[in-house]
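Encoded as structure tokens, the structure appears first; notes follow it.
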Amino acid sequence: MIGTPENKRQFVLEVHRRLAEVYGSAISYFHDLDPLSELVSALLSHRTRNSQSGLAFRNLRRLFGSWEAVRDAPVAEVEAAISACTWPEQKAPRIRQVLRLVTERIGHLTLDFLERMPVPEARAWLEELPGVGPKTSAAVISFSTLRGKAMPVDSHHFRVAVRLGIIEEKLGEARAHRVLEDLLPADFSAHDVYDHHQLLMKHGQKICHWREPDCAHCVLLALCPTGQARQMRKAS
């Protein structure tokens, strides 16, 4: 593991710099959804490929036309509409439950009011909803039209951070959000934070694979104790 928190911050900044040279910076946002739609999208995406959750999301919009209609529809119809994603039998009642709770708490079905709240308060509000943890709340704040300063940590991001020695695997993905976000420079903008998430995620998808990371072609190899150890074992 890397030494002091300040050393870790400098290390993380160097990781960001090197990855930005490969994958670019000021990365375009991949969604342009209002926060409520982003929440539904995030709930569908749990342990599901993007292509499958995207199809389920489009089906909901096409078949029901509004989130109010999804909220009020028979659960079997919602489940059938999202059958492309994993565990539709669990996600359908959960989505309806969340939509109903938002309506009860606000009086109507919207999350646009989160824009007027400080990010920590907005995330806490979201995380009071069933099935919404740090990754989902950060996704709603960052990926939606709120464009707020929050960093989701997905499995790719987490894996790269562990292999680099920034965090220990036993920390777990849920707790890693706060730790990894706190290591970013205080003057990072919301888009800088989004870039950082995208850079680590892309690197996990393209190079730092779960089973067979391509360490020989990794721009972070000189910084990565895991990669260096793997290369030494291959050479011996």
Checklist entry - Is there a donor-acceptor pair under 3.5 Å between the side chain of N59 and the backbone N or O of I82? => result no

Checklist outcome for this item: Scanning both residues in full, the closest heavy-atom pair of A176 with L171 reads CA-CD2, 3.7 Å

Checklist entry - Applying ring pair (Phe, Tyr, Trp, His ring centres under 6.0 Å), which residue pairs with at least one partner in residues 206-231 are found, sequence neighbours left out? => result none

Item to check | Under 3.5 Å: donor-acceptor pair, side chain of R9, backbone of P185 | outcome: no

Next on the checklist: Run the salt bridge (Lys or Arg N to Asp or Glu O under 4.0 Å) test on R123 and E181 for me, step by step, so that the C-alpha distance in whole Å, both residues' side-chain angles and the decisive distance to 0.1 Å come before the verdict.
Outcome noted: CA-CA 14 Å; R123 293 187 66 178; E181 192 168 357; 3.3 Å; yes

Item to check | Residues V102, L129; criterion side-chain contact (heavy atoms from CB on, under 4.5 Å); working and verdict | outcome: CA-CA 8 Å; V102 171; L129 297 170; 4.1 Å; yes

Item to check | L39 reachable from L101 in the ILVMFWY side-chain graph, under 4.5 Å edges | outcome: yes

Item to check | Interatomic spacing from CG in D214 to CZ in R230 - rounded to 0.5 Å | outcome: 10.0 Å

Next on the checklist: If only side-chain N and O atoms count, and only distance matters, is there a donor-acceptor pair under 3.5 Å linking Q10 with E6?
Outcome noted: yes

Item to check | Plane angle bin for Y29 and H191 - parallel if under 30°, tilted between 30 and 60°, otherwise perpendicular | outcome: tilted

Checklist entry - Just wondering, do V153 and H197 contact through their side chains at under 4.5 Å, heavy atoms? => result no

Next on the checklist: Looking at R100, I want to see if its CZ is surrounded by more than 12 non-hydrogen atoms of other residues, nucleotides or ligands under 6.0 Å.
Outcome noted: yes

Item to check | Distance, nearest 0.5 Å, that separates NZ of K206 from SG of C218 | outcome: 14.0 Å

Next on the checklist: Looking at R49, I want to see if its CZ is surrounded by more than 12 non-hydrogen atoms of other residues, nucleotides or ligands under 6.0 Å.
Outcome noted: no

Item to check | Backbone N/O of G227 and side chain of R163: donor-acceptor pair under 3.5 Å | outcome: no

Next on the checklist: With side-chain contact (heavy atoms from CB on, under 4.5 Å) as the criterion, how do E79 and E89 come out once you've worked through the C-alpha distance, each side chain's angles and the decisive distance to 0.1 Å?
Outcome noted: CA-CA 6 Å; E79 182 179 334; E89 71 283 356; 3.7 Å; yes

Next on the checklist: Check whether S45 reaches the backbone of T48 with its side chain - one donor and one acceptor, N or O, closer than 3.5 Å.
Outcome noted: no

Next on the checklist: Please report the interatomic distance CG(N50) to SG(C85), rounded to the nearest 0.5 Å.
Outcome noted: 12.0 Å

Checklist entry - Does W125 have R105 sitting over its ring (NZ/CZ under 6.0 Å from centre, angle to axis within 45°)? => result yes

Next on the checklist: Tell me if a side-chain donor or acceptor on T86 pairs with a main-chain N or O of R47 at a distance below 3.5 Å.
Outcome noted: yes

Item to check | Ring centroid separation F11 to H16 under 6.0 Å | outcome: no

Next on the checklist: Is the shortest side-chain heavy-atom distance between L43 and K91 below 4.5 Å?
Outcome noted: no

Checklist entry - For the residue pair L55 and A84, what are the closest heavy atoms and their distance? => result CD2-CB, 3.7 Å

Item to check | Centroid-centroid distance, H196 to H157, less than 6.0 Å | outcome: yes

Checklist entry - Taking atom CD of Q228 as the centre, does the number of heavy atoms from other residues, nucleotides or ligands within less than 6.0 Å exceed 12? => result yes

Next on the checklist: Less than 4.5 Å apart, side chain to side chain, heavy atoms only: is that true for V119 and L146?
Outcome noted: no

Item to check | Minimum side-chain heavy-atom gap S41-L33 below 4.5 Å | outcome: yes

Checklist entry - Are V75 and L60 connected in a single hydrophobic cluster, I mean Ile/Leu/Val/Met/Phe/Trp/Tyr linked by side-chain heavy atoms less than 4.5 Å apart? => result no

Checklist entry - Heavy atoms, side chains only, cut-off 4.5 Å: are F188 and L13 in contact? => result yes

Checklist entry - Do L114 and L126 come within less than 4.5 Å of each other through their side chains, counting heavy atoms only? => result yes

Item to check | Backbone of S28 reached by a side-chain donor or acceptor of Y194 within 3.5 Å | outcome: yes

Next on the checklist: Do M151 and L184 have side chains that approach each other closer than 4.5 Å (heavy atoms only, starting at C-beta)?
Outcome noted: yes

Next on the checklist: How long is the straight-line distance from CD1 of I27 back to CG of D195, given to the nearest 0.5 Å?
Outcome noted: 4.5 Å

Checklist outcome for this item: Shortest non-hydrogen pair, A81 vs F64, comes out as CB-CE1, 3.9 Å

Next on the checklist: Can you give me the closest heavy-atom contact between E168 and F158, atom names plus distance?
Outcome noted: O-CZ, 4.5 Å

Item to check | Inter-residue atom distance K202.NZ - C208.SG, 0.5 Å rounding | outcome: 16.0 Å

Checklist entry - Cluster question for you: counting only ILVMFWY and a side-chain heavy-atom cut-off of under 4.5 Å, with indirect links fine, are I141 and V193 together? => result no

Checklist entry - Just how far is it from atom CD1 of I207 to atom CG of L19, taken to the nearest 0.5 Å? => result 10.0 Å

Next on the checklist: Taking the ring of F143 and the ring of F30, is the distance between their centroids below 6.0 Å?
Outcome noted: yes

Next on the checklist: Counting C-beta onward and ignoring hydrogens, is there a side-chain heavy-atom pair between R147 and S142 closer than 4.5 Å?
Outcome noted: no

Item to check | H31 and S37: CA distance, side-chain angles, deciding distance, side-chain contact (heavy atoms from CB on, under 4.5 Å) verdict | outcome: CA-CA 10 Å; H31 271 174; S37 298; over 6 Å; no

Next on the checklist: Test of understanding: clusters of I, L, V, M, F, W, Y form through side-chain heavy atoms closer than 4.5 Å, transitively. Do V22 and L164 belong to the same one?
Outcome noted: yes

Checklist outcome for this item: The single option from R175, H177, E173 that satisfies side-chain contact (heavy atoms from CB on, under 4.5 Å) with P134 is H177

Item to check | Check against side-chain contact (heavy atoms from CB on, under 4.5 Å), V40 and L99 | outcome: CA-CA 9 Å; V40 173; L99 294 175; 4.2 Å; yes

Next on the checklist: On a heavy-atom basis, which atom in C215 and which in Q231 lie closest, and how many Å separate them?
Outcome noted: CB-OE1, 3.6 Å

Checklist entry - Would the number of heavy atoms belonging to other residues, nucleotides or ligands and lying under 6.0 Å from CD of Q90 be above 12? => result yes

Checklist entry - Transitively linked via ILVMFWY side-chain contacts under 4.5 Å: V162 with V160? => result yes

Checklist outcome for this item: For H46 and G131, the nearest pair of non-hydrogen atoms, with its separation, is CE1-O, 3.5 Å

